[in-house]
Structures are given as structure tokens and as C-alpha cells.
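Report on the structure given below.
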Amino acid sequence: MQQDESAPSGERRCFLNKAAMTCGLTVSYGTLTALAGRFLYPARLGEKTWVYVCDADSMKSGDALAFKTPAGVTINVTRQDENGSASDFLALSSTCPHLGCQVHWESHNDRFFCPCHNGVFTSEGKGISGPPGDAAQWLPRYPLRIEKGLLFMEVEVGGVM
Ligand code: FES
């Protein structure tokens, strides 16, 4: 009987098995440790962080963008002036305070509109018509800052502020 020369010898096969087992255990324990860390030290409720939104000059007065935070919250960022400061911008929640539908910016009407019950908000987020107007509700506002020409927004790590 002829021996296959391409097959690993018994000693080499044993080494490869041990190496594969060591790699497998390392990956498994690493994953387990990472999961245990997230379980033991979850993001604290209310913990905030600054996230990059865009290059400030990429938006002109009247422009709007729907920004999605790392937690999946959509925030409408509008530029309302061009003085070169963070106060040119406004970041408002896209979630209607009435029943949670998504509002959108209408630049031609200079307002936010909620299609669910015809809710209307000013460009500053004040409810002026429909159920949000009747209840004097506002769209929640998010802090902004500009650093070296880049626009940043403060958001909660785990979700809505
Ligand atoms: S959910 Fe927006 S007006 Fe009702």
C-alpha cells in the first residue's frame, strides 16, 4: 500500500488540530467576554455623546437633511441662516409629539409637516396647527456645535433625548 504524501503526518495533524482548537477557543472566549461586558456595563440611560453630522458648508440656508443617529433616531437638521455658527442650524426630532408619526421639512412653506393628522410646526419646532398646535407641543431640539467647519450634534447613546 502506498502512503499519500500530501496528507499531513500524524504529528503535524495533531499540531494543526491543537492550533485550530486554540484559535476556536480564543474567538469563543473573546466573544463571550465582549457579550458579558455589554451585559455588565450597558450604556447608561441618559448617556450622551457628540456625533458628526456633516460638513457645515455642505448645507445652504433653507436646506434640510434627515440625520439618523447611531441609535436609529431620525433628526431633521435644517440650516436657517449663513452666519458661520452653529446657531445657523436647527436639529429637531422627526417624531411628532402627538402620536409619533414622522414629520418632514417643507422648505417652500418654511414649516415641518406631520401627514398623520395635518400637524404643522414652525421652523423652530413649535406646533401651530392640528393636534400639536392645539396641545402647544414642540418638536424636541438637539444641541449642535461646529468644530473646524464640521457640524456635530449631541444625542443620547441609547436612543431618544
Ligand atoms: S401624529 Fe403628528 S399630528 Fe398626529
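Whatever order the structure lists them in is the order used to number ligands and atoms, beginning at 1. As a basis for the values below, the full set of heavy atoms in this structure was taken, side chains included, without hydrogen atoms, waters or symmetry mates.
- For N118, the side-chain hydrogen bond (donor to acceptor under 3.5 Å, both in side chains) test picks out no residue, with sequence neighbours left out.
- At least one side-chain heavy atom of M59 sits under 4.5 Å from a side-chain heavy atom of F89.
- Of all protein N/O/S atoms, those under 2.8 Å from atom 4 (Fe) of ligand 1 are H98 ND1, H117 ND1, and waters are not counted.
- Checked against the 6.0 Å centroid threshold, F112 and W105 count as a close aromatic pair.
- Residue pairs meeting the salt bridge (charged side-chain N to carboxylate O under 4.0 Å, His left out) criterion with at least one member in residues 75-97, sequence neighbours excluded, are R79-D88.
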Side chains of residues 119-128: which donor-acceptor partners sit under 3.5 Å, not counting sequence neighbours?
residue : atom : partner : partner atom : Å
T122    : OG1  : E124    : N            : 3.2
T122    : OG1  : G125    : N            : 3.3
T122    : OG1  : K126    : N            : 3.1

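- Between V77 and L151 there is a side-chain heavy-atom pair separated by less than 4.5 Å.
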